[in-house]
Amino acid sequence: MQQKLSLYNTLTRKKEVFEPLHAPFVGMYVCGPTVYGEPHLGHARSAVTFDVLYRYLKYLGYKVRYVRNITDVGHLENDADEGEDKIQKRAKLEHLEPMEVVQHYTNVYHKDMDKLNVLRPDIEPRASGHIIEQIAMIQEILENGMAYVVNGSVYFDVPAYHKNHNYGRLSGRIIEDLLSNTRETEGQGEKRSPLDFALWKKASPSHIMRWPSPWSDGFPGWHLECSAMSRKYLGTTFDIHGGGLDLMFPHHECEIAQSQASHNHTDAARYWVHNNMITVNGQKMGKSLGNFINLSELFSGKHELLTSKYSPMTIRFFILQAHYRSTLDFSNEALQAARKGYTKLMNGLHVLQKLQYQEENENGTPDEKLNAEIQKLIEDCFRGLSDDLNTARTIASLFNLLKKINSFYLGQLPLSALTRGTFDYMSNTYKELVLDVLGLKEEPLGDMEDMLDLVLDFYKEAKEAKAYDKVDTIRAELKKQGIVIKDLKTGVDWAYEE
RNA sequence: GGUAACGUGGCCGAGUGGCUAGGCUCAGCUCUGCAAAAGCUGCUACAGCGGUUCGAAUCCGCUCGUUACCUCCA
């Protein structure tokens, strides 16, 4: 019934049928945020994309271990030799301990992701909590002759690695091209080759975040944490590695190199999955361009590019309505369309709650053609998801299914034409895909106090009309909600039931 | 400069060589006290030029345009 899931593997540049290494277990590692600033729409896209993958794998019955890291050390501003640690820089600016900065932005990230209904990963390791593992890994690489020490810093020796391996395999780079295109020795410093990258950096006296190591008091290179932590929690070879397309080079390329150089297992992860970027007016949304929109700004509407605020579920739907490997262009029009589309899907949920398949329907004559048509629409939903997680197609199919559901609701199509099996399949699939797999949920309605005021108005009217049965009903129903009505001399008010 | 993508109707956005993606917008109809919702119908496109093919948005080539990566970014 459900097709096998296929995923586009950056490593092979092909869609491949997903087969876990040790079914039913699946190990999945996704590069999480560097917690030195507010999470933005780009973070949301990555998180939502892999959230849906996580959810769908679980839906298919796999036992998934989902690891997503928090980068809290070693991510430098610029070139590995020159740059300042992003977190340390922020800490200086705000007169905080670096770990305060880390904690603050981790909290914000969690809060925003929760709003987007992104499930927390099973393990969320921090780079600073895995210094020992990273040092051990550097030692292995040194022993294998693919790194060298200079003045207390350790660098990965890309040319040495490339003799027996293929540096550039993931990103399709050719090492000779990379070498010839590198700017003239600028900022190369201690590195033997401009392609080499830091595994361990000796800390300058002013550097706060530092740990002892066999080579110096210092800190690990950015790429290393992912190699060390994925290995620790998922093993030397695991199933899926995800992240944003912009991490493919050099970050993921370096990860592969480190992993191979240390334990000599091929590629570490078997399926490399990359989500594409969000664009604004056709241009990538990015830190360096300064055109990114924070999630809190989207939720509140406070940003010069925004004409209104957009709810978390609107954002989630917006992201899901495009395929994860396409760029997705931000615009207010697109967001507003997403809001309506999302609402439509939610209304479908309500309709389904009201639709009851009655016993007598079973005595009807099933319309074979209609049953078959609905079965096909349901299978289309799965076809989209299974085909490289094409949520756009799944949503389109859900809308097609919804048309039928609405027609049943309006009595334009008779429920008795459906078998109970088809009805349950339709109803369950719609609910499960929308809620459990796409991870959409209903957002609270408008202002409850305004609604209460409306009820109180009816209450007053009923009282004036001496319609006491109505009055009693209103009181009883509100009491069920934990609310009591107070008839005061000054008017009618409500209070929480004590 | 090197590498890799992409160019779909008013907007967003799917698309496995032949069968209506879908959403939003707009117009009309059904329904309706007025509306809304919903259903139905319409507006029906594949950058350009060649080629392959019985048949191409889909494959190939060229041209034009846009973008990404090669430096930090999800």
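Each chain gets a letter, A, B and so on, in the order the sequences are listed, and its residues count up from 1. Computed from heavy atoms alone, side chains included, the values below leave out hydrogens, waters and symmetry copies.
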Quick check on [N]: is either OP1 or OP2 less than 4.0 Å from any side-chain nitrogen or oxygen of [X]?
{"X": "Asn390(A)", "N": "G15(B)", "result": "yes"}
{"X": "Lys344(A)", "N": "G22(B)", "result": "no"}
{"X": "Lys403(A)", "N": "G22(B)", "result": "no"}
{"X": "Asn406(A)", "N": "G39(B)", "result": "yes"}

Suppose you measure atom [atom1] in [N] against the same atom in [M]; what distance do you get, rounded to whole Å?
{"N": "C6(B)", "M": "G17(B)", "atom1": "P", "answer": "15 Å"}
{"N": "U8(B)", "M": "A47(B)", "atom1": "C1'", "answer": "10 Å"}
{"N": "G18(B)", "M": "A57(B)", "atom1": "P", "answer": "10 Å"}
{"N": "C34(B)", "M": "C24(B)", "atom1": "C1'", "answer": "26 Å"}

Is there side-chain contact between [X] and [Y], with heavy atoms separated by less than 4.5 Å?
{"X": "His162(A)", "Y": "Leu195(A)", "answer": "no"}
{"X": "His323(A)", "Y": "Tyr8(A)", "answer": "no"}
{"X": "Met346(A)", "Y": "Val434(A)", "answer": "yes"}

Nearest whole Å is fine: how far is [N] [atom2] from [X] [atom1]?
{"X": "Tyr36(A)", "N": "A74(B)", "atom1": "OH", "atom2": "C1'", "result": "10 Å"}
{"X": "Leu178(A)", "N": "G1(B)", "atom1": "CG", "atom2": "P", "result": "18 Å"}
{"X": "Ile278(A)", "N": "U67(B)", "atom1": "CD1", "atom2": "P", "result": "18 Å"}
{"X": "Gln283(A)", "N": "C73(B)", "atom1": "CD", "atom2": "C1'", "result": "14 Å"}
{"X": "Arg173(A)", "N": "G1(B)", "atom1": "CZ", "atom2": "P", "result": "17 Å"}
{"X": "Arg383(A)", "N": "A14(B)", "atom1": "CZ", "atom2": "C1'", "result": "15 Å"}
{"X": "Asn347(A)", "N": "G39(B)", "atom1": "CG", "atom2": "P", "result": "10 Å"}
{"X": "Leu320(A)", "N": "A14(B)", "atom1": "CG", "atom2": "C1'", "result": "14 Å"}

Between Gly243(A) and Tyr324(A), which is nearer to the 5' end of RNA chain B once each is assigned its nearest nucleotide? Tyr324(A)

Of His223(A) and Leu410(A), the one whose nearest nucleotide on RNA chain B sits closer to the 5' end is Leu410(A)

Under 3.5 Å, is there a donor-acceptor pair linking the side chains of Glu100(A) and His104(A)? no

Exam field: side chain Asp72(A) to backbone Arg126(A), donor-acceptor pair closer than 3.5 Å: no

Could you list, one pair per line, each protein nitrogen or oxygen that sits under 3.5 Å from a nitrogen or oxygen of nucleotides 8-13 of chain B, together with the distance?
| from | atom 1 | to | atom 2 | distance (Å) |
| --- | --- | --- | --- | --- |
| G13(B) | OP1 | Asp329(A) | N | 3.0 |

Indicate, with a heavy-atom threshold strictly under 4.0 Å, whether [X] touches base, sugar-phosphate, or nothing.
{"X": "Asn276(A)", "result": "base"}
{"X": "Lys340(A)", "result": "sugar-phosphate"}
{"X": "His40(A)", "result": "base"}
{"X": "Gly286(A)", "result": "base"}

Of the candidate nucleotides G22(B), A74(B), U3(B), which contains the atom at the shortest distance from the side chain of Asp177(A)? U3(B)

Hey, what's the ring geometry for His274(A) with His252(A), parallel, tilted or perpendicular (30° and 60° as the breaks)? tilted

Candidates Leu57(A), Val67(A), Val273(A) - the one meeting side chain to side chain contact (heavy atoms under 4.5 Å, CB included) with Met28(A): Leu57(A)

Going by number, which of residues 244-255 of chain A have a non-hydrogen atom under 4.0 Å from RNA chain B? Gly244(A), Asp246(A), Leu247(A), Phe249(A), Pro250(A)

So which protein nitrogen or oxygen atoms get under 3.5 Å of nucleotides 41-47 of chain B's nitrogens or oxygens?
none

